[in-house]
**Student:** 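Would you mind keeping the following structure in view while I ask a few things?
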Amino acid sequence: MVKVLDVNDNKPSIEVTLLTESGQPEVSEGARIGEYLARISISDPDLEFEEEPWETIEDKGSGTHAGKFQESGENLGVVELAKAQQGKNLLQVSKERQTFNPMSIGAPQHVSLTLEGADDAFSLRPVGPQVYFLCVDAALDREQKDLYELRLLASDSGSPPLQTLKILLFRITDLNDQPPVFNQPNGYQVTVSESALPGTAVLSITAHDLDEDGPNASIMYTLLSSSSSGAFRLDPHTGVLSITRTLDYETETVMNLVVVATDQGEPPLSSSCHVTIMVEDTNDNEPVFLQQFYNVTLPEHSALEHCFLQVKATDADSGSFGQIHYSLYEKSHNMKESQKFFIDGDSGHICVSQDIDREGGPESYDLLVKAQDQGGLSAQAFVRVDIEDINDNEPVFETTNYMARISSQTQAGTEVVNVLAEDRDGGIFGEVLYEIIPGEKTSLFSIDSPTDSMEPISYRILSGDPHEMFSINSQFGIITTRKQLDHETQPVAVLTVQSQLGNSPAFSSTQVNVTITDVNDNPPVFPRENERITVHQNTPTGSVLYIAQAQDADGGYNGLISYSIASENQDVFVIDPNLGILYLNTTLTMVYEYILLITAEDNGHPTLSSLLTLTISVTKPETINTLTFGNLVHRIEINEDFAVFSRILQVQAYLEGVQSQTSRIVYSLLPDNSVPFAIHGSTGWIFLRRSLDYERTNIYNLIVVASCADYVGEQTASTSVIVKVLDVNDNSPEFSQNKYFFTTVESSSPNGVIGTITASDRDSGKNRQLSFFLLSEENYFQISSKTGEIINCAALDHEQKAHHQFTVLVTDHGTPRRNATATVYITVADLNDNKPYFPQLTSGKQLHVKVPEGQKGHMLVTTVFAKDPDAGANGTVRYSLSSDDDQGYFFVNASTGEIWTTQPLSVSLKAYYHLRVTARDQGFPSLEEYATVNVQVISTSKEKSKGMVEVKTLKIPEDAKPSQIVGSIMSNEMFLPNKKLQFHISEEEQNSHFVTDSSTGHIYLSRPLDYETNPNYFLLFNVQDHNKIPPQNHSVILKIDVEDQNDHYPVFPYPMVVIGIEENVPIGTIIYTFEAKDGDGTLPNNKVKYSLNTDGPGEYPFFINEWDGTLTTDKEMDRETVESYVFTVIATDQAANITQHRHCSLTAQIIIQDVNDNSPNFLSSPSASVMEDADIGTLIHRVVAEDPDEGKNGKITLYIIDGNSEHVFLLDEITGWLTLSSTVDHETQDTYILTILATDNGSPVLSATQILTVTVGDVNDKPPTFKQTFYEAAVLENQEPGLHVMKVKAEDMDTVDRENIKWIISPLHFNSRQIPNLSNLQMPFIYF
């Protein structure tokens, strides 16, 4: 037998099986000490072991993946190095090297395993022969070290010893254990100007996270909600802080924010830092006057430097920007500084600077006060100073002496003489009474009161009667009613009556205040006809049981109400006749039901009344209830601006017959959360917890419940508290439109009412009473302070001013007054009120021209030129001709005014013609003017002895310069050497625009020409030839035609127009007609072509006709997209030379007026949720809708129209807050489907609906319920434990944990011994 001896020719082998969750060589830095990471087994074929190595751990059911590394080294993170060592170990074991000797635990191992590079963080734990666990031995921190190189060294005990080295790279995975850290942990501070625009970035906030890149180090930035956070936006990714709205230094100078940086790990970690925003002041606030309009009365001849008024303005800015300087101007003197008054620039005191005489000046002064801060911003207020008359003038006779002659036969009563005296004072101070001073013959005469003989005066109501309630007799001025008046609807009417003297333009106006007195036509009215209350039998005598409240719309005594009891049982109850408070007058002895008839009667004549049926049910208390209130009803009034958390009223209950109140009484308020009030539970003080709004709710009916527990038991009592909210002036007036556009026609007399401005105020009483004022520097318009009617009070002329713009101020009568402004644009339409005129006939209506006879063809005689300042067809002139001859020798061009001959003229036939040219405009009715043109025919032939007459024509441009040669009278035949000729203009033409050189015949221009004044000249020249004896005369007729030059620019009558149109006008609608006038005389030069210059972005929906200037729409318009358009209209003439074109321009603004063309649109989510244990009054959801329309067209009101039949929810129609008004139960109804209606206030009303689903969340408020109330089972004795006895069943109505019912057997028969919890059983079986 051959025995083969073993030699150490096999190295040890190392097998690693990973026990990590991922199966990779990695471990979380949050791993616990002792956690297993890998199973390591070693083997060596050369060695024999007493027992086999342990099997690999099978991780059953735990979900952990065990990975195994092969010695091939293909798996990432493991490197195997095996080296045979002959004689010595080349590896040095470091101090952290860990060696295990298997012999130490009794196993016959001959291979050892060593761990290196663990840095005390890992260790090997032997668990069996040749088997080890790699464990966590210390806390890990990835941020300090994220990778470990673990060196596993296996050494056998052979000779020579062999070793195997396996390197295991173990990665430490990140745990979210590092919060973000801000770069400036002590906070940020930055200064921002209040003028910074929304969207401006003001600060970049950065933080870093030491965790591994990924979710744990990904940082999101948020702003904590605060009073200032709404003004900023923080980019969640970049940390850039920007402004979302304009800042206001005057409201908040320092804004404190808290920024939170949160990583995206699990769980997320966060840190915060403070950001301080210093708001820098800019001059962004204009001064604001405490009043926009002041009206004061000042007696005439007040002392100089007497200060009679102080105006006051404030400026919210700080420093120099808030310092105000005042200046004063007079509106009636084109805004020049006032001469009669001066103002202290610092204090605002207005004082007298000159003596003021009411008779020598105006009766009132309209002053404009300007308040300007140091930054240049200003505001204006208007001051009207009415001069009060004093009796400072004596009556003055029109003459100092009167002389009259009468006959001795004059009968008594005959008028002898009429004396007249005048007094310049007004009113009673100016009324003159006459008396004869007693004298010798005074008894023979008497004096009568004066009578005036005047032209007839006509009267009309100018304004103040928008509903046509009154009429006035135009002849006598008697005002009568036209309709039934109602004091409650309109107690006062302020009529403006205008009187006009005959047909003259003289007129005046006055105000007539018509007070509509009240008659008793409204009875008192109770809110309800029937009421029911309940009182306990033990209610103390004198307790307040009820307050009757009736309203009477009449005023004064007609609306003063007295209360009385009209039924029996008046001895049991008594009522205060003035306040309506019902008291208990005696002890209630039995349970009974009283029916009282309470009468509310006014104090008018005849008396009117109404009845209230009050049922009083007397009940017997279930217990002996000694707890009671002194009054069962309380009433209190508070202002709507009552401070939050302030005390309102204390109600106190007490125990009857108890000397010492030792029992603690607790007060509560009903309803609890739906009203803005709360009560202190121990003191009974009712206080305000939320702000009030009179316009939403002006009366609250509260119930205070008092409860206490004493030896008798629980006792309760209640009392009613009526809180009436009083209005304060917290709402400013609102105009129905921000801009108003009206059109009126020009007229020589006032047009009266041309439109009405409407405004409203949500307040009540005086706080909603409005007055209108006109802030205008013109005197063309007034406004009715009561009705808002715009009144034209002066003649309007389209040609002088076609567009008017002013501001209307509306103010309420509250304290302090609130106001608003709106802009009014008035267009004065043209009337055909101007006749054409001939500018070339300034000295008269006749034009004299000369024409030579015998001219063949059509010859231009002259050109007449007429202008008409009216617009459009009213200013378009056409010409016609009539003459005293019957031959039709002349005709006129209807468009140009050129007069031509139709055939040759002859002196022998007729030497003079008188033509009548009519210029007629195209208005309706048309107006016309005429001019006479006298045509003299000049003979061109004379006797042979006197020579011949030559006719020549010369054309000269009208821009020829004086003193230059424009032509010559010498012809080629005349030009001979040494020929002596002399040239002269006939005497009758000496004052012409032309002169001639007597020796050369050159014609010079002596003064400028103007085609529009005189387009033609006829000159007669005498030519003397001195070469012949005697000298011969020769005549030359020179016809000079002036050529029109383009020397006039087109001119628009105004530099800017503002036009308002509604956004829904059809395409092709004519909006406006632009017209420019050109003063040139010929058609090409005065023909105007129109064009638009639009510099803004986007397309303009307008088209202008290039020849007639009409502006029309060519696209649909949408105010919600573009509210206005501004463009330039250019008018260019059409001169033949394009380089000589002249043009002018005006700026036009088209304001798009809103129509109600957009329905409301819901922005809020269609779903909401509320927990079933939520308190009444809990805010559930906010319904948000928007309407892009303007004003009332975009004002939205919200309603619940379906799904709320039980009134479970309450929706605020203005704010959209949805609150809980009654309790909800998930088990009864878990979902509510509400239909929300949003309507605007436009005309027609547009609306939209939204289906809002409200889900009721479940809370665990229902206990489990057994299917049976009693279970019974039989069990044989001596059974083994675990025997199935029976199954019990229960159900839970809740959805929360309804499947997780825990079962326990109560120790009813085990002498209170605790039975183990059997909740781990899967089914509710009972075992024995």
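None of these values were measured; they are calculated from a predicted model.
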**Student:** Evaluate whether atom OH of Y1054 has more than 12 neighbouring non-hydrogen atoms of other residues, nucleotides or ligands under 6.0 angstrom away.
**Tutor:**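 For Y1054, atom OH is crowded (more than 12 foreign heavy atoms under 6.0 Å).
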**Student:** Only counting residues at least two apart or in another chain, list the ones meeting side chain to side chain donor-acceptor pair (under 3.5 Å) with W1107.
**Tutor:**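 W1107 satisfies side chain to side chain donor-acceptor pair (under 3.5 Å) with no residue once adjacent residues are dropped.
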**Student:** Quick check: do L796 and H804 have side-chain heavy atoms less than 4.5 Å from each other?
**Tutor:**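 They are in contact (side-chain heavy atoms under 4.5 Å apart), so the answer is yes.
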**Student:** I'd like to check V917 versus S880 (side-chain heavy atoms, cut-off strictly below 4.5 Å). Are they in contact?
**Tutor:**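 When only atoms from C-beta onward are counted, S880 and V917 do not touch, as no gap falls below 4.5 Å.
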**Student:** Does atom OH of Y1049 have more than 12 heavy-atom neighbours, drawn from other residues, nucleotides or ligands, at distances under 6.0 Å?
**Tutor:**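 For Y1049, atom OH is not crowded (no more than 12 foreign heavy atoms under 6.0 Å).
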**Student:** Could you go through the side chain to side chain contact (heavy atoms under 4.5 Å, CB included) check for H914 and R916 one step at a time?
**Tutor:** CA-CA 7 Å; H914 302 285; R916 182 183 175 106; over 6 Å; no
**Student:** Look up atom CD in E958 and atom CG in D1044, then write down how far apart they are to the nearest 0.5 Å.
**Tutor:**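 Those atoms lie 4.5 Å apart.
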**Student:** Which pair of heavy atoms, one from A1135 and one from Q1140, lies closest together, and at what distance?
**Tutor:**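 Heavy atoms only, the tightest pair is CB-O, 4.4 Å.
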**Student:** Can you give me the closest heavy-atom contact between K910 and Y912, atom names plus distance?
**Tutor:**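 Scanning both residues, the minimum pair turns out to be CE-O, 3.0 Å.
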**Student:** Test your reading of the model: is there a side-chain donor-acceptor pair from T902 to the backbone of G888, 3.5 Å cut-off?
**Tutor:**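 Yes; judged by distance alone, with no hydrogens or angles, the pair exists.
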**Student:** Checking Y1125 side chain against P1101 main chain: does a donor-acceptor pair fall under 3.5 Å?
**Tutor:**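 No, because the side chain of Y1125 does not come within donor-acceptor range (under 3.5 Å) of the backbone of P1101.
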**Student:** Compare every heavy atom of F983 with every heavy atom of S999, then report the nearest pair and how far apart it is.
**Tutor:**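 Result for this residue pair: O-CE1, 3.7 Å.
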**Student:** So which heavy atom on V907 is nearest to which on E853, and how close?
**Tutor:**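 Heavy atoms only, the tightest pair is N-OE1, 2.9 Å.
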**Student:** Begin from the C-alpha positions of I826 and F806 and carry the test side chain to side chain contact (heavy atoms under 4.5 Å, CB included) through to its verdict.
**Tutor:** CA-CA 9 Å; I826 296 179; F806 49 82; 3.5 Å; yes
**Student:** To the closest 0.5 Å, what do you measure between CD (Q855) and CD1 (I1037)?
**Tutor:**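 Rounded to the nearest 0.5 Å, the CD-CD1 separation comes to 8.5 Å.
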**Student:** How about T1132 and P1050: do any of their side-chain heavy atoms sit closer than 4.5 Å?
**Tutor:**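 No, side chains not in contact.
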**Student:** Mind checking whether I1070 and T1112 have side chains closer than 4.5 Å, heavy atoms only?
**Tutor:**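 Of all side-chain heavy-atom pairs linking T1112 with I1070, at least one is under 4.5 Å.
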**Student:** Taking H858 for the side chain and T901 for the main chain, is one N or O donor matched with an acceptor at less than 3.5 Å?
**Tutor:**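 A pair under 3.5 Å: yes.
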**Student:** Going by the side chain to side chain donor-acceptor pair (under 3.5 Å) test, which pairs reach into residues 870-879, not counting sequence neighbours?
**Tutor:**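 As it turns out, the side chain to side chain donor-acceptor pair (under 3.5 Å) pairs with a partner in residues 870-879, which skip direct neighbours, are D830-N874, N834-D870, R878-S895.
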**Student:** With sequence neighbours left out, what residues match K1039 under side chain to side chain donor-acceptor pair (under 3.5 Å)?
**Tutor:**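 So K1039 forms a side chain to side chain donor-acceptor pair (under 3.5 Å) with D1041.
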**Student:** Kindly say whether G1081 contributes a backbone atom to a donor-acceptor pair with the side chain of E1012 at under 3.5 angstrom?
**Tutor:**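 Looks like yes, one N/O pair under 3.5 Å.
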**Student:** Is T1147 close to V1126 at the side-chain level, that is, under 4.5 Å between some pair of heavy atoms?
**Tutor:**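 Contact flag for V1126/T1147 side chains = yes.
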**Student:** In the structure I gave you, are the side-chain heavy atoms of L1111 and L1092 within less than 4.5 Å of one another anywhere?
**Tutor:**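 Contact flag for L1111/L1092 side chains = yes.
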**Student:** Tell me whether Y1011 contacts the main-chain N or O of D959 through its side chain, where contact means a donor paired with an acceptor under 3.5 Å.
**Tutor:**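 Not confirmed, Y1011 side chain does not pair with D959 backbone.
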**Student:** Using a 4.5 Å cut-off on heavy atoms from C-beta on, say whether the side chain of H848 contacts that of Q846.
**Tutor:**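 Answer yes - side chains close enough.
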**Student:** Quick one: does V933's side chain get under 4.5 Å of F890's, heavy atoms only?
**Tutor:**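 Result no, sub-4.5 Å side-chain heavy-atom pair not found.
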**Student:** Grab the two heavy atoms, one from F1052 and one from E1075, that are nearest each other, plus how far apart they are.
**Tutor:**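 Result for this residue pair: CD2-O, 3.6 Å.
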**Student:** Any side-chain donor paired with an acceptor under 3.5 Å for N751 and T744?
**Tutor:**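 Present: a donor and an acceptor within the cut-off.
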**Student:** So, do F865 and H1048 have ring centers that fall under 6.0 Å from each other?
**Tutor:**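 Aromatic pair excluded; centres sit 6.0 Å or further apart.
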**Student:** Return the orientation label for the F742 and Y740 ring planes: parallel under 30°, perpendicular over 60°, tilted otherwise.
**Tutor:**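 Because their plane-to-plane angle is under 30°, the rings of F742 and Y740 count as parallel.
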**Student:** Is there any salt bridge (charged side-chain N to carboxylate O under 4.0 Å, His left out) pair reaching into residues 918-931, and which pairs are they, with sequence neighbours excluded?
**Tutor:**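 Of all non-adjacent pairs touching residues 918-931, those that pass salt bridge (charged side-chain N to carboxylate O under 4.0 Å, His left out) are K835-E929, K845-E929, R920-E928.
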**Student:** Kindly compute the distance separating CZ (F781) from CD1 (I790), expressed to the nearest 0.5 Å.
**Tutor:**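 Rounded to the nearest 0.5 Å, the CZ-CD1 separation comes to 8.5 Å.
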**Student:** State whether the side chain of T1113 and the backbone N or O of G1068 hold a donor-acceptor pair below 3.5 Å, judged by distance alone.
**Tutor:**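 Flag set: sc T1113 to bb G1068 pair under 3.5 Å.
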**Student:** Excluding sequence neighbours, so at least two apart, what forms side chain to side chain donor-acceptor pair (under 3.5 Å) with N1046?
**Tutor:**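 Here the qualifying residues are D1133.
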**Student:** Might you confirm whether atom OH of Y780 has over 12 heavy atoms from other residues, nucleotides or ligands at distances under 6.0 Å?
**Tutor:**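 Counting neighbours around OH of Y780, 12 or fewer heavy atoms of other residues, nucleotides or ligands fall under 6.0 Å, so no.
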**Student:** Kindly indicate, with the supporting measurements, whether the criterion side chain to side chain contact (heavy atoms under 4.5 Å, CB included) is fulfilled by T823 and Q805.
**Tutor:** CA-CA 7 Å; T823 305; Q805 175 183 343; 3.8 Å; yes
**Student:** Can you confirm whether the side chains of N1105 and T1110 place a donor and an acceptor under 3.5 Å from each other?
**Tutor:**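 Checked: N1105/T1110 side chains show no N/O donor-acceptor pair below 3.5 Å.
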**Student:** Does S747 reach the main-chain N or O of S749 with its side chain, forming a donor-acceptor pair under 3.5 Å?
**Tutor:**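 Yes, because the side chain of S747 sits within donor-acceptor range (under 3.5 Å) of the backbone of S749.
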**Student:** If you compare all heavy atoms of S748 against all heavy atoms of A795, which two are closest, and at what distance to 0.1 Å?
**Tutor:**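 Closest pair (atom of S748, atom of A795, distance): O-CB, 3.3 Å.
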**Student:** Can you tell me how far apart CD (Q800) and CD (E746) are? Round to the nearest 0.5 Å.
**Tutor:**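 Q800 atom CD to E746 atom CD measures 9.5 Å (nearest 0.5 Å).
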**Student:** Kindly compute the distance separating OH (Y1072) from CZ (F1102), expressed to the nearest 0.5 Å.
**Tutor:**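 One finds 14.5 Å between OH of Y1072 and CZ of F1102.
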**Student:** Regarding E898 and T863, do their side chains bring together a donor and an acceptor under 3.5 Å, going by distance alone?
**Tutor:**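 No.
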**Student:** Assert yes or no for the condition that the ring centre distance of Y913 to Y889 is strictly below 6.0 Å.
**Tutor:**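 Yes, close enough.
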**Student:** Tell me, please, which residues at least two apart from H1143 pass side chain to side chain donor-acceptor pair (under 3.5 Å).
**Tutor:**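 Residues passing side chain to side chain donor-acceptor pair (under 3.5 Å) with H1143: none at all.
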**Student:** Decide side chain to side chain contact (heavy atoms under 4.5 Å, CB included) for L915 and V892; before the verdict, give the C-alpha distance in whole Å, the side-chain angles of both, and the deciding distance to 0.1 Å.
**Tutor:** CA-CA 10 Å; L915 308 180; V892 66; over 6 Å; no
**Student:** Once you round to the nearest 0.5 Å, how far does CG of N1085 lie from CG of N1137?
**Tutor:**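 If we round to the nearest 0.5 Å, N1085:CG and N1137:CG are 10.0 Å apart.
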**Student:** Between H798 and V828, is there a donor-acceptor pair closer than 3.5 Å when you use the side chain of the first and the backbone of the second?
**Tutor:**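 Yes; at least one donor-acceptor contact below 3.5 Å.
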**Student:** Main chain of D1080, side chain of N1086: is a donor-acceptor contact present, judged purely on distance under 3.5 Å?
**Tutor:**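 Between the backbone of D1080 and the side chain of N1086 there is a qualifying donor-acceptor contact (under 3.5 Å).
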**Student:** If only atom types and distance count, is the side chain of S1006 paired as donor or acceptor with the main-chain N or O of H993 below 3.5 Å?
**Tutor:**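 Confirmed, S1006 side chain pairs with H993 backbone.
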**Student:** Hey, is CG on L1083 packed in by over 12 heavy atoms from elsewhere, all under 6.0 Å?
**Tutor:**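 Yes, the 6.0 Å shell around CG holds more than 12 heavy atoms from other groups.
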